[in-house]
S.K.: 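Sending over a structure as structure tokens; questions will come in a sec.
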Amino acid sequence: MHAIKTKHSVSKKTPKAVHLRKDFTGDSRSTPVKRMKSNEVEDKQKRKTDGNQIVVSAKKKKRRKKITDLLASKPATSPTPEDLLKFLQDQSHDRLSAVEKDEIEINSLHFTECKPKEENTVDFLKRLLPNWDSQMESTKRVPASPVFLVLSISAIRAVEVRRDISKALTLKKGMQVAKLFAKHFTVEEQKEFLSKHVVPAAVGTPNRICKLLSEEALKLDAMQFLLIDWSWRDAKLQRLVDSKLVMQDLFKLLHQYLLPHIKQSECKLTLL
């Protein structure tokens with residue numbers, strides 16, 4: 001007799017085949033076999049058998065040159081006016097309009113002699129300012145208005161330059177070389193200092209000097225020389241124009257304050 005199907009009867013289904021993988025213990029597990037990734041296939045193809053050993057050929061990583069290596073490969077040279085002119089051209093190319101470029105355009109006539117690399121800073125300053133004493137006699141004693149201003153890459157370097165200035169130039173009683181950098185000094189402290197002291201010379205970093213000029217705590221009326229500490233390198237072999245942040249601050253300071261003043265006065269530029 002044929003079996004009669006009822007609504008309660010359950011049809012038996014043939015189970016689907018499952019791909020089983022045996023591990024090294026001999027047990028079968030119902031883990032699906034993983035597909036090998038393309039890089040795994042490449043690694044497998046790179047394997048070579050050498051007797052009973054398996055030798056894997058490793059990729060040789062190409063060593064990227066560090067910025068210190070690139071800077072160290074550049075020989076030290078004496079700075080020239082063309083160095084600064086090229087820097088200004090590169091920085092203003094995509095930032096300034098034609099009118100703004102014209103406002104800061106300078107040439108070799110705006111420069112005095114730059115420091116040769118063989119000469120130390122003290123001797124160069126003495127040659128640059130042979131009539132320093134007579135200049136101090138004729139200069140009005142106005143607070144916060146230096147006769148010459150030095151731009152350095154950092155506070156550490158600015159302290160070194162300040163020491164050289166003190167050795168090269170004679171300062172009268174009550175006169176000081178202003179320290180215009182952020183290390184150990186707040187903006188408010190420097191504003192108070194400048195308001196009370198005659199500073200025939202000042203040395204600092206572009207960022208802090210720009211800040212003081214923007215708040216009118218520092219004046220450019222008496223400035224006759226602008227010295228940019230161009231060639232000196234720090235522990236990472238970076239110059240003033242190699243450090244990205246300092247370079248941006250330098251261009252902002254030159255563009256907004258210093259170059260317009262130089263074009264309208266007899267102030268001269270020089271590079272250390």
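Being a predicted model, the structure only gives us computed values, none of them experimental.
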S.K.: Quick test of your reading of the model: are K101 and E105 salt-bridged, counting only N-O distances below 4.0 Å?
M.R.: no
S.K.: Are the side chain of S134 and the backbone N or O of N131 linked by a donor-acceptor pair below 3.5 Å?
M.R.: yes
S.K.: For residues V177 and W132: do they belong to one hydrophobic cluster (side chain heavy atoms under 4.5 Å, members Ile, Leu, Val, Met, Phe, Trp, Tyr)?
M.R.: yes
S.K.: Which heavy atom in K117 sits nearest to a heavy atom in S78, and how many Å separate them?
M.R.: N-OG, 2.9 Å
S.K.: Look up atom CD1 in I104 and atom CG in D102, then write down how far apart they are to the nearest 0.5 Å.
M.R.: 9.5 Å
S.K.: Is the shortest distance from a Lys or Arg side-chain nitrogen in R127 or E113 to a carboxylate oxygen in the other one below 4.0 Å?
M.R.: yes
S.K.: Can you measure from CZ (F225) to CG (L269) and round to the nearest 0.5 angstrom?
M.R.: 11.0 Å
S.K.: When rounded to the nearest 0.5 angstrom, what is the spacing between CG in L149 and CG in L226?
M.R.: 6.0 Å
S.K.: Would the distance check show the side chain of H110 and the main-chain N or O of I106 forming a donor-acceptor pair, the cut-off being under 3.5 Å?
M.R.: no
S.K.: I want to check something: taking the side chain as every heavy atom from C-beta on, are E215 and K191 in contact at a cut-off of under 4.5 Å?
M.R.: yes
S.K.: Which heavy atom of C114 sits nearest a heavy atom of T270, and at what distance?
M.R.: CA-OG1, 3.5 Å
S.K.: Hey, can you pull the donor-acceptor pairs under 3.5 Å for the side chains in residues 248-262, sequence neighbours left out?
M.R.:
residue	atom	partner	partner atom	Å
D249	OD2	N207	ND2	3.4
H261	NE2	L220	O	3.2

S.K.: Would a single hydrophobic cluster contain both F185 and I165, if residues Ile, Leu, Val, Met, Phe, Trp and Tyr are joined by side-chain heavy-atom contacts under 4.5 Å?
M.R.: no
S.K.: Do you know which two heavy atoms are closest between Q190 and L180, and how far apart they sit?
M.R.: NE2-CA, 3.7 Å
S.K.: Roughly how far apart are I228 CD1 and L151 CG, rounded to 0.5 Å?
M.R.: 5.5 Å
S.K.: Has E189 got more than 12 heavy atoms of other residues, nucleotides or ligands less than 6.0 Å from its CD?
M.R.: yes
S.K.: Which heavy atom in P79 sits nearest to a heavy atom in S231, and how many Å separate them?
M.R.: CD-OG, 3.4 Å
S.K.: Using salt bridge (Lys or Arg N to Asp or Glu O under 4.0 Å), reason through R163 and E160 one step at a time and then give a plain yes or no.
M.R.: CA-CA 5 Å; R163 192 179 301 121; E160 292 180 9; 5.7 Å; no
S.K.: For the side-chain contact (heavy atoms from CB on, under 4.5 Å) test, which of M175, Q176, K172 pairs with P200?
M.R.: M175
S.K.: Between T205 and S152 (side chain of the first, backbone of the second, donor and acceptor by atom type, cut-off under 3.5 Å), is there such a pair?
M.R.: no
S.K.: So, taking the atom named CE in M223 and the one named OG in S265, what distance separates them when rounded to the nearest 0.5 Å?
M.R.: 6.5 Å
S.K.: For a quick test of your reading: what N or O donor-acceptor pairs under 3.5 Å do the side chains of residues 81-89 make, sequence neighbours left out?
M.R.:
residue	atom	partner	partner atom	Å
E82	OE1	T80	OG1	3.4
D83	OD2	T80	N	3.0
D83	OD2	T80	OG1	3.4
K86	NZ	D90	OD2	2.9

S.K.: With a 4.5 Å heavy-atom cut-off, do D229 and L240 have their side chains touching?
M.R.: no
S.K.: Would you call D234-R157 a salt bridge at under 4.0 Å N-O?
M.R.: no
S.K.: Under 4.5 Å between side-chain heavy atoms, hopping through other hydrophobics if needed: is there a path connecting W232 to I209?
M.R.: yes
S.K.: Counting N and O atoms only, with roles assigned by atom type, does the side chain of S195 sit under 3.5 Å from a partner on the main chain of E192, one being a donor and the other an acceptor?
M.R.: yes
S.K.: What are the two closest heavy atoms between I153 and R239, and how far apart are they?
M.R.: CD1-O, 3.3 Å
S.K.: Report whether V122 and L128 are members of the same hydrophobic cluster (ILVMFWY, side-chain heavy atoms less than 4.5 Å apart, transitive linking).
M.R.: no
S.K.: Output yes when a side-chain donor or acceptor of K268 lies under 3.5 Å from a complementary backbone atom of L109, and no otherwise.
M.R.: yes
S.K.: Can you see whether Q238 engages R233 through a side-chain donor-acceptor pair at a distance of less than 3.5 angstrom?
M.R.: no
S.K.: Please give me the minimum heavy-atom distance between A217 and A144, naming the atom from each residue.
M.R.: O-CB, 3.3 Å
S.K.: Are there over 12 heavy-atom neighbours, none belonging to K115, within less than 6.0 Å of that residue's NZ?
M.R.: yes
S.K.: Is V241 reachable from L227 through a run of I, L, V, M, F, W or Y residues, each pair having side-chain heavy atoms under 4.5 Å apart?
M.R.: no
S.K.: Could you state the interatomic distance from CZ (R162) to CZ (F181), rounded to the nearest 0.5 Å?
M.R.: 7.5 Å
